[in-house]
**Q** 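Please see the structure below; I have some questions.
Every chain is numbered from 1 and lettered A, B, ... according to where its sequence line falls, protein lines coming before strand lines.
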Amino acid sequence: MQTGTDNETRIVIAGFGGQGVVLAGNLLAQACVEEGKNVSMMVAYGAEMRGGTANSTVVISQGTIYSPVVVRPNIAVILNTPSLEKFEPSVTAGGLIVANQSMMNRAVKRGDLKVMMIAATEIAHGLGNVRVANSVILGALIAATSLLRLASLERAVETLMAQKKAALVALNLEALRAGFAACPS
Amino acid sequence: MSTQTAKILMKGNEVMCEAAVRAGCKFFAGYPITPQNEVPEYLSWRLPQAGGVFVQAESEIAAINMIFGAAATGFRCMTSSSSPGISLKQEGISYIAAAELPCVIANVQRGGPGLGNIRAAQSDYFQAVKGGGHGDYHLIVLAPSTLTELYALTMNAFDYADHYRNPVMILMDGILGQMVEPIVTEEYRPLFEPTEKDYILDGCKGRKPRIIKTLHLQPAEALVEVNRRLVAKYKRISSELKLCEDFQTDDARLIVSAYGITAQVSKGAVLQARSKGLKVGLIRPITLWPFPEAPFVKAAKTAEKFLVVEMSNGQMIEDVRLAEQCLRPVEFFGVGGGWYPTTDEVLDAIEKSYPA
């Protein structure tokens, strides 16, 4: 799927603090490094708190990235309802919303967006840990777009988590693959 | 950590730290403040690993005075903070400049005035460039606009500091500090031949004692002499160290000028304007002091207008006007307080300013 009006893909990943939006942003960025793509990632660093909303943004390009700041994303990865409220209006027309159906109490209102709902938390629960819902939804994102290869994301999990979170590598790989498989084609 | 030829993901604040460590920084003192907190966090483990000392000081004022001490004893040293914290350090900075000691001071600027907010800003330009502390002194002020440049300039900062015996400020902002990009951590290559520091206080056994001081009461002319020496040094720095990027200015009718992350955003806008057939160029000062006037003088001969873009109410614009000697109109796009421009907004400003 082609996203973005230029060669740049601008992604926002948003959810509650603790849902792993920072890790998800880091994984996407690392996957870009694995593929030799240019990437710029930022985490919202306002007065975030546990349970509040948090987001990270990722800009991916084959060319030079001139601004790391994402104002109008063309992809929004939404992990909870408050984040849908916040970011649905800013997505560019024709853009994509990948949303965690398990945490959504309403549908996407706009008619000019592609929408993919995925029960990420339920799938993660089935794998034994709801905290990997972020990896599930990343897997689905990769399946829904031709943004990055699943193998690059798998390598990113190994690169970023092998040292400090080695015990969680296998689970996150499983979550990525489950999300990838769950994406309706 | 060995030399990486592969790209690794790093946050701007960490990029600066890694470069500092590799350039031989052996002492850091600082006090936490957003958006530069990754600096003390990273150096707290990385500096000891490289045989250095990390101190979380009790205040910004304590930290800058610890830097005074470390520099006086000959160690490459660094402190960092963000806008309100840098204001607190000004007395110490003036003292270090007066004592002609080398050190690196990073300001990851945030919104002001006052305690402001924690969003990115460029409102401390005057403070950095015109002297935020008392007395006639100058900092060498470096303004990187990408993380790759931040890495290189941080290493250079230590070299300039030692070479000129002068404090160097790295003027960043919250976006540069917080953005994460892949970078190659190149090995440190000194810019100058290392010279012996013949002024440091390292024990005077077998030699005459040395004194480093900033109070000069007697004779009456002593402080004037110090000032004359400083003037001569600043002239030398001005003649040797003016760094600037000149981008597509040759046929430009409108010259955009910006520094730091704003310059990178503006460069994207300049390219978009070019693709629309507008003849626009960019002059990006890399040293903010000494300010690179020459490219502005040259551009003013052919370009019809300048447009300065800053995340402030308009500070560098004054130096641009001085540099181009008011030959052409200079317009401004920006505001302080944590606002930042998108490439689309800069493009819009370019189209509005473009000569008819």
**Q** Looking only at non-hydrogen atoms, find the nearest pair between Tyr66(A) and Lys267(B) and report the distance.
**A** CE2-CD, 3.8 Å
**Q** Take a 6.0 Å sphere around CZ of Arg131(A) and say whether it holds more than 12 heavy atoms from other residues, nucleotides or ligands.
**A** no
**Q** How close do Leu9(B) and Asn26(A) get, counting heavy atoms only, and between which atoms?
**A** CD1-O, 3.9 Å
**Q** Out of curiosity, Lys11(B) NZ to Met42(A) CE, how far, rounded to the nearest 0.5 Å?
**A** 8.5 Å
**Q** Using side-chain heavy atoms (C-beta onward) and a distance below 4.5 Å, is Ile175(B) in contact with Pro68(A)?
**A** yes
**Q** Can you say whether Thr57(A) sits under 4.5 Å from chain B via the side chain, the backbone, both, or neither, judging by heavy atoms?
**A** neither
**Q** Given Ser67(A), which partner from the list Thr342(B), Val346(B), Val265(B) fulfils the side-chain contact (heavy atoms from CB on, under 4.5 Å) test?
**A** Val265(B)
**Q** Pro182(B) and Val39(A): which non-hydrogen atoms are nearest, and at how many Å?
**A** CD-O, 3.3 Å
**Q** Look at the side chain of Glu181(B) and the backbone N and O of Asn38(A), then say whether any donor-acceptor pair between them is shorter than 3.5 Å.
**A** no
**Q** At what distance, to the nearest 0.5 angstrom, does CD of Glu34(A) lie from NZ of Lys7(B)?
**A** 13.5 Å
**Q** I'd like to know whether NZ of Lys305(B) has more than 12 heavy-atom contacts from other residues, nucleotides or ligands below 6.0 angstrom.
**A** yes
**Q** Considering non-hydrogen atoms only, spot the tightest contact between Gln264(B) and Ile65(A) and give its length.
**A** NE2-O, 3.2 Å
**Q** Please classify the contact of Leu147(B) with chain A as side chain, backbone, both or neither, using a heavy-atom distance under 4.5 Å.
**A** neither
**Q** Most heavy-atom pairs under 4.5 angstrom with chain B, which of Gly36(A), Ser40(A), Gly25(A), Cys32(A)?
**A** Ser40(A)
**Q** Within the supplied structure, the quantity of interest is the number of heavy atoms (other residues, nucleotides, ligands) at a distance under 6.0 Å from Tyr31(B) OH; does it exceed 12?
**A** no
